[in-house]
Amino acid sequence: MAPSAAATAFLCFTFWTLLISPAVSLTCSGQKFTKNQVFSSCLDLPSLSSYLHFSYDSSNTTLSVAFIASPSKPDGWVAWAINPKATGMVGSQALVAYKNSTTGLAVVRTFDVSSYSSIVPKNLSFEVWDKTAESRNDGSLAIFAKIKIPADLASGGEINQVWQIGPGVGADGMLVKHEFAAANLQSKGTLDLKNGHSSGSYGGYTRIKNKNIHGILNAVSWGILFPLGAMIARYIRAFESADPAWFYLHIFCQISGYAIGVAGWGTGLKLGSQSSGITYSGHRNIGISLFVLATVQISALFLRPKKEHKYRFYWNIYHHGFGYAILVLGILNVFKGFNILRSDYKWKSAYINTIIALGAISLLLEAVTWVVVLKRRSEKSKKPYDGYNNGQRIQ
Ligand SMILES: *[C@@H]1O[C@H](CO)[C@@H](O)[C@H](O)[C@H]1NC(C)=O
Ligand SMILES: *[C@@H]1O[C@H](CO)[C@@H](O)[C@H](O)[C@H]1NC(C)=O
Ligand SMILES: *[C@@H]1O[C@H](CO)[C@@H](O)[C@H](O)[C@H]1NC(C)=O
């Protein structure tokens with residue numbers, strides 16, 4: 001096999017393995033709210049299977065949250081709190097939700113946790129509005145609230161959060177004590193208001209991260225793997241020794257590119273459905289066209305006429321036409337995506353460098369291929385290499 005074929009195969013494999021990890025699904029991302037509330041970030045909190053969705057407006061220090069957890073017993077409570085003074089439970093300003101046993105409706109109450117023994121219903125030490133609770137189909141409860149973060153807390157950029165779940169609520173509205181298992185004692189941490197991060201081993205997830213996953217998947221598949229596969233088909237097969245290896249490499253690159261591209265396409269559709277206000281129609285339409293073209297390409301593999309068949313000529317024209325269209329549209333859409341993301345310049349420049357490198361390698365291989373083919377032609381005096389029908393292919 002030609003060394004360049006080995007190198008491209010290696011690249012192809014590397015990209016493929018690099019991509020398995022970000023494709024793993026993250027739990028809070030799939031949670032939806034009945035009133036279609038949208039938050040910019042969400043976190044899988046590290047204990048008690050709890051989730052926090054939030055948006056923070058730093059211009060007026062307003063934090064909008066949705067906290068989701070399941071009570072430890074069906075008639076129990078869930079709580080999310082900010083502790084303005086310390087890191088644990090004592091001193092926290094809590095929002096608590098439970099289902100009222102008489103009405104069956106989920107309600108939110110506020111509690112001041114001045115000590116372990118004194119948990120009293122009380123207005124919070126800061127302004128809270130739009131407090132609502134919702135009982136969800138899976139038995140969990142959601143607490144929604146908007147909170148004015150006091151200036152001294154907001155200036156730090158981080159707040160201490162505490163959450164908890166409990167087994168029941170008394171008729172007087174007093175909370176039945178929660179368990180003291182490890183998970184109940186570890187349910188605290190800091191919340192980074194600006195970046196959506198949290199301390200501890202939070203399985204964090206934000207819309208920004210979602211966009212980055214979408215960007216990486218698509219840049220690698222449409223922007224790198226497809227061009228790489230096309231290069232393999234065009235250049236590596238000129239080396240007789242690389243036959244039929246080039247063909248399997250080509251198929252491998254394109255099919256893995258397609259698989260990753262479809263995953264990236266799916267994340268794109270999801271992002272599109274989440275941002276109801278804004279539509280990037282150009283980017284979206286090119287994305288949809290790419291998906292259609294690539295799906296036709298992959299399907300047409302199975303309808304490929306035999307090499308000697310008279311329709312094979314037309315099939316080749318179609319295959320190359322679609323292939324080059326995917327190449328151009330794919331790279332174009334990656335750049336459109338960079339503009340939408342307004343990502344760090346380093347990512348865009350890394351991609352530009354990759355494309356320049358692929359382009360330079362192509363130019364070099366184009367020259368090498370011509371030399372090889374012209375030499376072969378003068379030896380065998382066969383048909384000239386036209387990149388399409390040089391008679392050397394197993395296709
Ligand atoms: C802060 O701004 C947001 C919109 O940017 C608005 O929804 C919210 O009501 C504002 N909060 C306050 C306390 O003015
Ligand atoms: C608590 O807040 C509500 C409205 O937000 C107010 O009507 C009520 O008087 C407050 N109670 C106390 C004890 O401050
Ligand atoms: C449940 O709702 C009823 C009727 O509104 C009310 O009287 C009662 O105090 C509520 N119970 C609790 C625990 O909130």
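When a ligand or atom number is given, it counts from 1 through the structure's own listing order. The model shown is predicted, which means the values in this text are computed figures rather than measured ones.
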ask   = Within a distance of under 4.0 Å, is there any protein heavy atom near atom 9 (O) of ligand 3?
value = no
query = Side-chain donor-acceptor pair under 3.5 Å between Gln164 and Asn184, yes or no?
reply = yes
query = Charged N to carboxylate O below 4.0 Å: is that the case for Glu127 and Lys146?
reply = no
ask   = Considering only the protein, which heavy-atom contact is closest to atom 4 (C) of ligand 3, and what is its distance?
value = Thr103 CG2, 4.1 Å
message = Counting non-hydrogen protein atoms only, what is the nearest one to atom 1 (C) of ligand 3? Give residue, atom name and distance.
response = Asn100 ND2, 1.4 Å
ask   = Are any of the N or O atoms of Tyr98 closer than 3.5 Å to those of ligand 3?
value = yes
Does the ring centre of [Y] sit less than 6.0 Å away from the ring centre of [X]?
| X | Y | result |
| --- | --- | --- |
| His53 | Phe33 | yes |
| Tyr311 | Trp315 | no |
| Phe67 | Phe54 | no |

For Gly170, the ligand 3 atoms whose distance to one of its heavy atoms is below 4.0 Å = 13 (C)
